[in-house]
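Below is one structure, written out as structure tokens; the observations come after it.
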Amino acid sequence: MGYKGQIVVVLLLFFLCNAFAQPRSKGRKVMAKHQQPAVVEYFEPRAGAPMTVTADCTDSEVIVGISPDLLGIQKPVQPSDLSMGGCGVTSRAGAQTFVIKAPLQGCGSTVEMLGAVIVYTFTLDYNPSPIDGLPIVRTNPAVVQIECQYDRLHNVSSNALNPTWVPYTSTISAEDILGFSLVIMSSDWSGPSPSNTFFLGDLINLQASVDSTNHVPLRVFVDSCVATPGSNASAPAYTFIGNNGCFLDSKLTGSNSQFVSPRVAQSVMQFQLDAFRFYGLTTSSIFITCHLKVTLASANVDPLNKDCSYNSALSQWSSVDGNNAVCSCCDTSCANPPPFRRGSGAPKHRPRRASEWRAPAEWQETISVGPLYLEQVSPLSSVSQSLSGQQDKASSGSQFQYSVLGAVVGVLAVSCVAVLFFAYRKAKGIVNTKK
């Protein structure tokens, strides 16, 4: 075969290879990372302001775009004053938008499973710093809540599994995946609260729960709860539940805070917090961060796994689950409680000490909710209004009485004048007759 023949064969082979390879790549496109818009909720009313915060949720992160005119009042904000769970501005897209990129499981995010939807919640905080060289600010703090919602994934593949048996370690891993949640509930516990604004004197209903699907029955406990004025661990902080499930607020302040007893379910714990504000702070917002954990529902409660309320009228602690003896350490330390005394209400075994048992990492989680806004209603205003109303009524009544008295006096005066006049005329007539 000559030189020209070799060239023809090479070209023919190249054409055939390209022809066979073409159908394989036909229709193939480079897919960008899946994005969907996030749910953005503003907690600061801004009448007439455009949407100044946008967010896109990808498979692994949320990308937040913030307009420099965040508040919509033609006063640009500084990027250093913006944070999302401790994460600051990562870049600037042009001259108009600040960008924060945050992983779904970072930057202070919270995870909640609502039915078939997984919700990742982020809180964007704007805290203005003083104007350079001056001790003043001209903008108010703002809070924006961002939610990324995803459908829970299930295995819908029609392909046969290989191998067809499920390894034991995989089963254990699936059982250890627990979905904790902490929700602010309505006043009748029928569902989530439609408002995040409360008044001093209100009881804030909160519900902690765990989704124990694919797991043996579990019992959830509220191990501790801390309130802060900001979404980060900023001062001041108020621990109203601590010491492994002791509702300290009712003991320290004599409030009506309590765990709701009995439980509606072993996997649910409902509790009420008497509303309060932080002293000396202009902001009325609070964030609540709780540490939740679970044990087997069949296990006995003990000083490390309990939920206890304080009854101010009886000056005693009581357990939601009935065994009040586990609450005896609430006034000291429950991490290393003394042995129980044998009695009718005490268990017949020594509880485990903190050094003897640790819950698996998957059986506990820290969750935050907020912000909650607390408004102050002064009872003196209603009292003063009531008193002023009573004074008005009393004043109008007195005026009426004075009017009646005046009329009577007038009538009597006219009558007296008439009598005197007739007496005078009669006396004058008698004198004239004698003459």
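Reckoned from all heavy atoms, side chains included, excluding hydrogens, waters and symmetry mates.
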Inset, instruction - Kindly compute the distance separating CZ (R277) from OH (Y373), expressed to the nearest 0.5 Å. - result: 12.5 Å
Legend entry - S195 versus S193, side-chain donor and acceptor atoms under 3.5 Å: no
Legend entry - Exercise: do S83 and D125 side chains pair donor with acceptor under 3.5 Å: no
Inset, instruction - Search all heavy atoms of G370 against all heavy atoms of Q145 and return the closest pair with its distance. - result: O-OE1, 3.5 Å
Legend entry - Residue pairs, two or more places apart or on separate chains, that pass disulfide (SG to SG under 2.5 Å) and touch residues 200-229: C225-C290
Inset, instruction - May I ask you to check whether the SG atoms of C330 and C246 are separated by less than 2.5 Å? - result: yes
Inset, instruction - For the residue pair L296 and V216, establish whether any side-chain heavy-atom pair is separated by less than 4.5 Å. - result: yes
Inset, instruction - Ignoring hydrogens and angles, tell me if any N or O in the side chain of D223 forms a donor-acceptor pair with the backbone of K293 under 3.5 Å. - result: no
Legend entry - Intermediate values then yes/no, side-chain contact (heavy atoms from CB on, under 4.5 Å), T228 and I286: CA-CA 5 Å; T228 56; I286 63 172; over 6 Å; no
Inset, instruction - Not counting sequence neighbours, which residues clear side-chain hydrogen bond (donor to acceptor under 3.5 Å, both in side chains) with S186? List them please. - result: D188, S190
Legend entry - Nearest non-hydrogen partners of S209 and V268, listed with the distance: CB-CG2, 4.1 Å
Legend entry - Point-to-point distance, once rounded to the nearest 0.5 Å, from CE of M113 to OH of Y150: 13.5 Å
Inset, instruction - List the steps, then state whether side-chain contact (heavy atoms from CB on, under 4.5 Å) holds for N300 with D302. - result: CA-CA 6 Å; N300 294 324; D302 57 45; over 6 Å; no
Between side-chain atoms of residues 116-124 and protein atoms elsewhere (two or more places apart, or another chain), which donor-acceptor pairs fall under 3.5 Å?
none

Legend entry - Separation of Q316 CD from S328 OG (nearest 0.5 Å): 12.5 Å
Legend entry - S224 and H291 side chains, donor-acceptor separation under 3.5 Å: no
Legend entry - Any side-chain heavy-atom pair of F240 and L273 under 4.5 Å: yes
Inset, instruction - Provide the full list of ring-ring contact (aromatic ring centres under 6.0 Å, His included) pairs with a residue in residues 51-81, sequence neighbours left out, each pair given once. - result: none
Legend entry - Residue pair T289 / S368, side-chain donor-acceptor N/O under 3.5 Å: yes
Legend entry - Any V326 side-chain heavy atom under 4.5 Å of S319 side chain: yes
Legend entry - 4.5 Å side-chain heavy-atom contact, S315 and Y310: yes
Inset, instruction - Answer with yes or no whether the side chains of S250 and S257 bring together a donor and an acceptor at under 3.5 Å. - result: no
Inset, instruction - May I ask you to test the W317-N311 pair for a side-chain heavy-atom distance under 4.5 Å? - result: no
Legend entry - Audit row: V64, V99, side-chain contact (heavy atoms from CB on, under 4.5 Å) steps and yes/no: CA-CA 6 Å; V64 182; V99 178; over 6 Å; no
Inset, instruction - Give the C-alpha distance, both sets of side-chain angles, the deciding distance and a yes or no for side-chain contact (heavy atoms from CB on, under 4.5 Å) between F198 and E375. - result: CA-CA 6 Å; F198 297 89; E375 301 295 338; over 6 Å; no
Inset, instruction - Over 60° means perpendicular and under 30° means parallel, so classify the ring planes of F271 and F247, tilted if in between. - result: perpendicular
Inset, instruction - Kindly say whether P229 contributes a backbone atom to a donor-acceptor pair with the side chain of S285 at under 3.5 angstrom? - result: yes
Legend entry - Donor-acceptor pair between N205 and Q272 side chains, under 3.5 angstrom: yes
Inset, instruction - Taking the side chain as every heavy atom from C-beta outward, state whether V226 and I288 have any pair of such atoms under 4.5 Å apart. - result: no
Inset, instruction - Check whether any side-chain N or O of T52 sits under 3.5 Å from a backbone N or O of L70 as a donor-acceptor pair, and report yes or no. - result: yes
Legend entry - Counterpart residues, salt bridge (Lys or Arg N to Asp or Glu O under 4.0 Å), relative to D321 (two or more places apart): R219, R263
Inset, instruction - With the side chain counted from C-beta on, respond yes when N244 and N305 share a heavy-atom pair under 4.5 Å apart, and no when they do not. - result: no
Inset, instruction - Provide the full list of salt bridge (Lys or Arg N to Asp or Glu O under 4.0 Å) pairs with a residue in residues 246-259, sequence neighbours left out, each pair given once. - result: K251-D331
Legend entry - Straight-line distance of E147 CD to E112 CD, nearest 0.5 Å: 8.0 Å
Legend entry - Residue pair C87 / I100: nearest heavy atoms and the distance that separates them: O-CD1, 4.2 Å
Legend entry - Contact summary for K306 and P303, nearest pair of heavy atoms: NZ-O, 2.6 Å
Legend entry - Polar side-chain atom of D202 near backbone of A275 as donor-acceptor pair, under 3.5 Å: no
Legend entry - Atom pair CD (Q207) and CE (M185), whose distance is rounded to the nearest 0.5 Å: 4.0 Å
Inset, instruction - Measure from the side-chain N and O atoms of N196 to the backbone N and O of P371, and report whether any donor-acceptor pair falls under 3.5 Å. - result: yes
Inset, instruction - Check V111, T110, V294 against F180 for a side-chain contact (heavy atoms from CB on, under 4.5 Å) and give me the one that passes. - result: V294
Inset, instruction - Keeping the roles fixed (side chain from S129, backbone from D81), state whether a donor-acceptor pair exists under 3.5 Å. - result: no
Legend entry - Audit row: F276, Y238, ring pair (Phe, Tyr, Trp, His ring centres under 6.0 Å) steps and yes/no: CA-CA 10 Å; F276 65 90; Y238 176 49; 5.4 Å; yes
Inset, instruction - Please round to the nearest 0.5 Å and tell me the distance separating atom CD1 of I241 and atom CG of L248. - result: 8.0 Å
